[in-house]
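Counting from 1, the numbers follow the sequence of the chain as shown.
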Amino acid sequence: MPNHRFQFTVDHMIGRNEVELVVTYSVTPFIAATYWQPAEGGEVEIQSIKHKGQPVTLTDGEEEAILAMAEARAADDVAEEAASYADWKYQEHRDRLLMAQFERDHP
């Protein structure tokens, strides 16, 4: 079951400076339980937290807060990715149909 990887930014105070952190996280797709298989997936995991491309060390509480942000947005990010993929597939199909029609009309 492939993981989906996403990024978001969050403003964070380091000392007296407010910085923008880039958070990369992954989501394992949720698979509902069936008669013969228990539910699985749906895990959200922080892959990295960086400022200007460099890893940032945070307290456990800060990391938990960022994980909660990732968990809160995970379903929307997965749904948006699925919608983008569906749009792409539709456009590819439409382009093939138009090309086939053009080739029929202009031998």
Separation of [Y] [atom2] from [X] [atom1] (nearest 0.5 Å):
X   : Y   : atom1 : atom2 : result
D11 : E20 : CG    : CD    : 6.0 Å
T9  : L21 : OG1   : CG    : 9.0 Å
E43 : E71 : CD    : CD    : 10.5 Å
F6  : R73 : CZ    : CZ    : 9.0 Å
T28 : E40 : OG1   : CD    : 9.5 Å

E63 atom CD: more than 12 heavy-atom contacts under 6.0 Å: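 Yes, because the 6.0 Å sphere around CD of E63 holds more than 12 heavy atoms from other groups.
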
Crowding at CE, M99 (>12 non-hydrogen neighbours, <6.0 Å):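 For M99, atom CE is not crowded (no more than 12 foreign heavy atoms under 6.0 Å).
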
Option from L67, I66, V56 for which side chain to side chain contact (heavy atoms under 4.5 Å, CB included) with V23 holds: I66

Evaluation steps, side-chain contact (heavy atoms from CB on, under 4.5 Å), between Y25 and R5: CA-CA 6 Å; Y25 74 100; R5 189 174 283 238; over 6 Å; no

Donor-acceptor pair, side chain of H106 and main chain of F102, under 3.5 angstrom: yes

Side-chain (E62) to main-chain (T59) donor-acceptor, under 3.5 angstrom: yes

L58 and H12: CA distance, side-chain angles, deciding distance, side-chain contact (heavy atoms from CB on, under 4.5 Å) verdict: CA-CA 10 Å; L58 302 174; H12 182 73; 3.6 Å; yes

Distance-only polar pair, side chains of Q7 and T24, donor-acceptor under 3.5 Å: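 Yes.
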
Residues forming a side chain to side chain contact (heavy atoms under 4.5 Å, CB included) with L98, sequence neighbours excluded: R94, Q101

Nearest heavy-atom neighbours spanning S26 and Q47: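 Shortest heavy-atom separation between S26 and Q47 comes out as OG-NE2, 2.8 Å.
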
Cluster overlap V27 with I46, hydrophobic side-chain contacts below 4.5 Å: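 Shared cluster, yes.
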
